[in-house]
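In each ligand, atom 1 is the first atom listed, and ligand 1 is the first ligand listed.
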Amino acid sequence: MAAHPLKPLRRWLAHPGAIGVGLLLIALMVALHLMSNAVQNSEFLSRAFVPLLTVVLFGLFALALMVGVNVIRLVLNYRHQTVGSRLTARVVLLFALIALLPLGVVYYYSLGFLLRGIDSWFDVEIDSAMEDALKLNRASLDLNQRVLMKYSAQLLAGVEDRSATALTLALDDLRRQAGALELTVFEPNGQVIGTAIDDPTQLVPNHPERKVMQGLRLGADYVGLETSEDGELIVRVLVNDPRSRPLLLQAIFPTSTRISELAAKLEDAYNRYRELSFLRRSLKFSFSLTLSLVLVFGLMAALLAAFATARRLAAPVADIARGTREVAAGNYEQQLPLPAYDDELAFLVASFNAMTRRIAQARDHAASSQRVVEEQRSYLETVLGRLSSGVIAFDDALNLGTLNHASRQILRLPDIGDAQLSLEALEAAHPRLTHWGETVRRRIKAGQEWREEVTLIGNEGRQVLMCRGSPLPSTGAQSVGHVVVFDDITKLIRAQRDAAWGEVARRLAHEIKNPLTPIQLSAERLRHKLLPKLQDMDARLVDRATHTIVQQVEAMKAMVNDFADYARTPQMQDEPFTLDTLVGEVIELYRASAHQIRLNLNAPGALVRGDSKRLRQVVHNLIKNASEALEGRRNGCIQVSTRLIQGDDAPAIELSLEDNGGGIPNELIDRLFEPYVTSKDKGTGLGLSIVKKIIEEHGGIIVADNAEHGARFTARLPVWRADPPVSEPPPRQIGAS
Ligand code: ADP
């Protein structure tokens, strides 16, 4: 990956803060450099050092502030255990150590060297050498001056003519001889007697100072090194006349240029040396201060660099840590910001992003697959729920898996939940299912497709189940269980039996009814013909015999008619009527009955569609049976009630008749609705078969069971249209009370 050359610059420009810090660092470096220069130049030092120091201190304060803010932020983050704070702390500490060690060592030795260097400048030997040089200079000048003084005295002693003109001429000669710049003769009061000056432009002699003149008057000659108005170094000599005349001579000699230059330099150097040695302490202090400030600057800069680097390093690492945490919590959506630099960290972050993207895709894919599976599952459940056959899936450990609605109904397990239940537990909870359970277990163990009819016997009668089973297709080497499908064929078998009985009855009725009328007619004819002709005994015999024949034939006819009724193909009327009204009207006929009849009709607006005459017969038959069951009993009571209920698919009306006649014999209860099932001597056993037939012709069902004190018959008929019941009518009582 070749980086663009302008990329770092652009990155910098994107961070104005970083530019500010950079400028501050550069300014500080310049200021420190100037400070170190200022320290070396003592003249400049006093002027520029203090302002520079102020600038540097301000700059360093700003840097320290930045470092301080960063440190506080880091400490807070560390305490709150913010992601990345540990790494930042480590990097900063490492940087600080790495910077501090070399800086400290350099600082220590530099300071030592510096202080020792400064001390060495002002070494005692150098000091005395300097002073000796100066003394030497002065001594040589002294000697020179004394010679000049003696020479000047000799010159004055040689002056004879004191007249002004002669003196001026003599002085001019003497000046030239002596190589002096000026020769002037004064009177003791300072008045000029004669003068000779080298410089023609100078008209007036160079007067000595008043103090010097006074000293001279007291007899002390003077010689001194002075600087002329032109800046030249000159030797001024003033002597009294050695011949004790009241005369003074002033001679001004030039010094040699080389000597004067060297002397000036020496003087200058000595003065500078003095000055420096005077400033030695403050110099040392300034150097140490500058060096210390450089050290602090270096440290601060290193710390700032450490924070910047740590941020740069820790930010992507912290991002990745945060991202990993999010991924662990199941959030795959987030994408981490890519670091600004194209390095391994950026590669790591990019890989992390790619990974989370892929995981999110995989999760979405899994979720959509799961959705499809769920849809298929719910579709399957719906289909299974709609099936009229019971379907149960078993796993290999014979635990019940899927269990559809029909299977719950057929096995009469309304309360069974969806929790995994073993076949054994099911059998233990419902002993009537033991036979079925054994069959299923045996067949599943055999591991083949099977088909078997299983009969269950329980309190509510016999139940015949047609069961089919098949092992489920295995996935790989493992088998996944077995599915058992079963139907309740009890009703089917009963219907087949009913149909067979109907056929038998029809044929029987036909076969029996045909000869009955000729038998009856023949008997009546015999009676008619023979009875008037026979004697008493015979006549009585014939009378009795023919009477019996006719009677039995009548009875047989009635029986055959019953058969015919049962076997008759219905020609049903189809009209709507109110069942409550119908029941009320039929019960009205039993008003004179010996037993009490309680009416509780709660479906006044419910209309049933069908043949009201045949339904009347149903009520008649049931009332008749109940009355017969109550025969000879005291406090016999028949409870007749209707109510609206919500059936499986549609509303239904429930008609129920309950008596307190002792109940249905147990041995009959299962076959009660079959023809010819009777417990009565003169019963045909057809009453209830007809009842059931009529109810079923109207799309209803009827069941019989024993209630607390007697038999209970409950019939359900589909409601054609139900107007909401206005109010519940009070129970009515009919018959004896
Ligand atoms: P039948 O009345 O001719 O015997 P049914 O078919 O009407 O024929 O009745 C069959 C049998 O059902 C009766 O013999 C009787 O044993 C029983 N049974 C019917 N109704 C009742 C009832 N209310 N109480 C007790 N047993 C009844």
* Report yes if Gly683 has an N/O atom closer than 3.5 Å to an N/O atom of ligand 1; otherwise report no. => no
* With under 30° as parallel and over 60° as perpendicular, where do the rings of Phe673 and Phe713 fit, or are they tilted in between? -> perpendicular
* Structure fact -> Under 4.0 Å from one or more heavy atoms of Leu668, ligand 1 contributes atoms 16 (O)
* Contact check, side chains of Ile701 and Glu696, non-hydrogen atoms, under 4.5 Å -> no
* What atoms of ligand 1 come within less than 4.0 Å of a heavy atom belonging to Val677? -> 10 (C), 11 (C)
* Taking C-beta and beyond as the side chain, do Met556 and Ile512 meet within less than 4.5 Å on heavy atoms? -> yes
* Between Trp436 and Phe486, how do the two ring planes meet: parallel, tilted or perpendicular, split at 30° and 60°? -> perpendicular
* Number the atoms of ligand 1 from 1 as they appear, then name those within less than 4.0 Å of a heavy atom of Asp659, with their elements. => 22 (C), 23 (N)
* For atom 12 (O) of ligand 1, the option (of Ile664, Leu672, Asn621, Thr678) bearing the nearest heavy atom -> Leu672
* Closest protein heavy atom to atom 6 (O) of ligand 1, given as residue, atom name and distance to 0.1 Å -> Leu688 N, 3.0 Å
* Shortest heavy-atom approach to atom 1 (P) of ligand 1 - which of Gly685, Pro675, Gly663 -> Gly685
* Quick one: look up the protein heavy atom nearest atom 24 (N) of ligand 1 and list residue, atom name and how far away it is. => Ala629 CB, 3.3 Å
* **Atoms of ligand 1, numbered as shown, that sit under 4.0 Å from any heavy atom of Ala626** => 23 (N)
* Nearest protein heavy-atom contact for atom 19 (C) of ligand 1: which residue, which atom, what distance? -> Asn625 ND2, 3.5 Å
* **Exam field: side chain Asp659 to backbone Gly710, donor-acceptor pair closer than 3.5 Å** => no
* Should the pair Glu427-Arg441 be classified as a salt bridge under the 4.0 Å nitrogen-to-oxygen rule? -> yes
* Structure fact -> Candidates Ala704, Ala711, Ser679; heavy atom nearest atom 15 (C) of ligand 1 found on Ser679
* Asked: Do side-chain atoms of Thr578 reach the backbone of Asp580 as a donor and acceptor pair under 3.5 angstrom?
  -> no
* State whether the shortest distance between N or O atoms of Lys624 and N or O atoms of ligand 1 falls below 3.5 angstrom. => no
* Side chains of Thr642 and Asn602: donor-acceptor distance under 3.5 Å anywhere? -> no
* To do: Identify, for atom 2 (O) of ligand 1, the protein heavy atom at the shortest distance, and state residue, atom and that distance.
  => Lys680 NZ, 2.8 Å
* Look at atom 3 (O) of ligand 1 and say which protein heavy atom is nearest, naming residue and atom and giving the distance to 0.1 Å. => Thr684 N, 2.8 Å
* Without hydrogens or angle criteria, can the side chains of Asp488 and Gln463 be said to hold a donor-acceptor pair below 3.5 Å? -> yes
